[in-house]
Amino acid sequence: MPQYKAPLRDMRFLLNEVFDYPAHYASLPNGEDATPDMVDAILEGCATFCEEVLSPLYLTGDQEGCTINDGEVTTPKGYKEAYAEYAAGGWQGLAHPKVYGGQELPMSLNLLKSEMMGTANWPFTMYPGLSLGCMNTIYLHGNDKQKETYLPPLIEGRWAGTMCLTEPQCGTDLGQVKTKAEPQADGSYKLTGTKIFISSGEHDLTENIIHIVLARLPDAPKGTRGISLFIVPKFIVNADGSLGERNTVKAGALEHKMGIRASATCVMNFDDATGYMISQPNKGLEAMFTFMNSARIGTALQGLAHAELSYQGSLPYAKERRSMRALSGKKDAEHTADALIWHADVRRMLLTQKAVAEGARAMIYSSAKLADLMVAGAAKGDMKEYERYDDKLGFYTPILKGFITELGLECANIGMQVFGGHGYIKEHGMELIARDARIATLYEGTTGIQALDLLGRKVLLQSRGKVVSEFTGIMTAQAKPHLLDGGPIGSMARACFKRALQWKGLTLRIMLRAAKDRDIVSSACADYLMYAGYVMMGHFWLQQALVAQEKLKTGGKESPEFYKAKIQTAEFYFERLLPRADAHKKSMLAPTSSVMQMDNEHFMFS
């Protein structure tokens, strides 16, 4: 089983040398305490917790899974103790307001914490992770009493939270929500309905669970315009903050899942459960999707996490396992066969995992700076600033969520492939990573939904291509000074410059075709998203290579070998992975007729 080791060297390289996070934090109203020493202490402390507490529970948690008895869920052995240590360490309130008991540090620090926790043990990380959406929603949309009642125990970690959206008849199309909310004389509501796929819907880690629930008022208009949002606690909270009677919300079942078995995914039944409206009547969807961009970055982390963990399992195995001689001649003469890592095809797989993990990390860390600025705007009450950065982040998020989770799944499968037959055996843990990775492309919107959001909504409808022009402008500005350089840097710069122009041209072509053929948006969107992902990752690999080259000349915080490996990994990405974009380019421009022409009845003959 891979033993997680936090990649602190790569994290620090990005934070300090590529993206200049110290200057970024110094510019934030809540960044005063995020000094380099404080950030380093947080990284070190979190790494220790993840390596020594969470990582050892990953395999055993999957083997045991969660159990349910009369609506009460028991988590695997060790989870309750690990959560208590997590809460005692103050990790839950890292980026939340001091007035409610948090440390009020920048949101990106919470993301760094989540990356390490998620790579060490993704199913465990989902429990406190789901609380964050609940906390953010109450903080931005709750009234003063709701904030004072629910935020302190949530931030402390004594209580947990969920987000209850999906129902048996609807997932992405929330306009079909049927859960009812009947107003009561005391200002509360009685909610009745069933929600499914509710992560952390019931568990034994905290004394209370606060559900954020979408439901309809009796006179609500149809569709998404008629959805309201409610706080529904597992235990009713008394006026003095103590816990009262058990509410009539109960876990009806645990979902039997392919992966993340240690995470309690529940069917939740609301039977005249007492709830309290948050935000305004029929405005629930708007409130629910506040911070949705940052939530989707959190899911993108899963793609990074599984690429990283699978790589950490593959690399030592490839160095230790021996099979045949390398085609270029004997490498390990003292042994009867050479290590797997000497075989070019195995090196290709390892470098793919490394390039994806480190490229994805750079993409996410860059976006996290926008999330910090977005939160800073909200904290100041400057909603124009909040919306400006939310819009900028909105362009990144479908690419991050869709592209990185798809590549994370690929890397998890590669890890099994490196192990050969042993990768299919449970005791080695590689198939566990692959099973857990599979959900990442599905929840928080499937890859197809992310692709439609990117191309149909963000690029075509909302901006008429402006968001692509803005990002490709950043790409060309970075590449242009190096177009005449020799060696790998010049080659990578020219490739980025070419792809930036190509991306703009493809966007225009699809925009023009969509005016006559609306199906082109849906038929092209998945390829468009993957193309955008490969090109965007190329931009960030060039940025890393440029910094690494400069540090080789002037000296940096890492060894020369570290910087050389960065440039060599970038070379691999540009020569072996970026060319995949050409296939997506060709496919997205293909006529829609090959997709749409067949009669529905002819998909199968029996």
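For the single chain, residues carry numbers from 1 onward in sequence order.
- One finds a salt bridge joining Asp345 and Arg348 here, because a Lys/Arg side-chain nitrogen approaches an Asp/Glu carboxylate oxygen to under 4.0 Å.
- Under a cut-off of 6.0 angstrom, the local environment of CZ in Arg576 is sparse, with at most 12 non-hydrogen atoms contributed by other residues, nucleotides or ligands.
- Rounded to the nearest 0.5 angstrom, Asp20 CG and Tyr25 OH are separated by 11.5 Å.
- Taking the six-membered ring for Trp and the full ring otherwise, the centers of His203 and Tyr127 sit less than 6.0 Å from each other.
- Checking Tyr86 against Lys113 by side-chain atom types alone, a donor-acceptor pair falls below 3.5 Å.
- Arg321 contributes no side-chain N or O that, together with a main-chain N or O of Val418, makes up a donor-acceptor pair within less than 3.5 Å.
- Under the 3.5 Å distance criterion, with hydrogens and angles disregarded, a donor-acceptor pair is assigned to the side chains of Tyr531 and Gln502.
- Using a distance-only test at 3.5 Å, with no hydrogens or angles considered, a donor-acceptor pair links the side chain of Thr397 to the main chain of Gly394.
- Of the N and O atoms on the side chains of Thr119 and Glu308, not one donor lies less than 3.5 Å from an acceptor on the other residue.
- In this structure, the side chain of Ser263 does not engage the main chain of Ile260 through any donor-acceptor pair within 3.5 Å.
- Counting non-hydrogen atoms of other residues, nucleotides and ligands closer than 6.0 Å to NZ of Lys257 gives a total above 12.
- Contact detail for Pro106 and Gly31: the closest heavy-atom pair is CG-CA, 4.1 Å.
- For Lys557 (side chain) and Arg9 (main-chain N/O), no donor-acceptor pair under 3.5 Å exists by modelled atom type.
- Residues that satisfy the ring-ring contact (aromatic ring centres under 6.0 Å, His included) test with Tyr58, not counting sequence neighbours, are absent from this structure.
- Between the Asp338 side chain and the Ala326 main chain, a donor and an acceptor come within less than 3.5 Å of each other.
- No more than 12 heavy atoms of other residues, nucleotides or ligands sit less than 6.0 Å from atom NZ of Lys330.
- We find the CG-CD distance between Leu8 and Glu44 to be 5.5 Å, quoted to the nearest 0.5 Å.
- At least one donor-acceptor pair under 3.5 Å links the side chain of Thr507 to the backbone N or O of Trp503.
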Problem - Steps toward ring-ring contact (aromatic ring centres under 6.0 Å, His included) verdict (Phe471, His539) - result: CA-CA 10 Å; Phe471 186 80; His539 166 74; 5.3 Å; yes
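- The distance from the CE atom of Met416 to the CD1 atom of Ile425 is 9.0 Å, given to the nearest 0.5 Å.
- Residues Arg494 and Ser491 bring no donor and acceptor atom of their side chains to less than 3.5 Å of each other.
- Not one N or O on the side chain of Tyr534 forms a donor-acceptor pair closer than 3.5 Å with the backbone of Arg580.
- Not counting sequence neighbours, the partners of Asp10 by the salt bridge (Lys or Arg N to Asp or Glu O under 4.0 Å) test are Arg361, Lys566.
- A side-chain donor from one of Gln302 and Tyr443 sits under 3.5 Å from a side-chain acceptor of the other.
- The structure places CE of Met588 at 10.5 Å from OG of Ser523, a figure rounded to the nearest 0.5 Å.
- A salt bridge links Arg322 with Asp332: at least one charged nitrogen is closer than 4.0 Å to a carboxylate oxygen.
- Not counting sequence neighbours, Glu52 has no partner by the salt bridge (Lys or Arg N to Asp or Glu O under 4.0 Å) test.
- Applying the 6.0 Å contact sphere to OH of Tyr83 captures more than 12 heavy atoms from other residues, nucleotides or ligands.
- If you take CG on Asp62 and CG on Asp436, they are separated by 6.5 Å, rounding to the nearest 0.5 Å.
- Atom CD of Gln417 has 12 or fewer heavy atoms from other residues, nucleotides or ligands within 6.0 Å.
- Although no hydrogens or angles enter the test, the distance criterion places a donor-acceptor pair under 3.5 Å between the side chain of Gln450 and the main chain of Glu444.
- Side-chain contact check for Tyr79 and Asn121: at least one donor-acceptor pair (N or O, by modelled atom type) lies under 3.5 Å.
- For Thr405 (side chain) and Gly402 (main-chain N/O), a donor-acceptor pair under 3.5 Å exists by modelled atom type.
- The closest side-chain heavy-atom distance from Leu589 to Leu506 is below 4.5 Å.
- Comment: Lys458 engages Asp453 in a salt bridge, judged by a side-chain N to carboxylate O separation of less than 4.0 angstrom.
- Side chains of Ser108 and Tyr365: no donor on one and acceptor on the other come within 3.5 Å.
- A side-chain donor-acceptor contact under 3.5 Å links Asp485 and His482.
- Side-chain contact check for Glu358 and Thr569: no donor-acceptor pair (N or O, by modelled atom type) lies under 3.5 Å.
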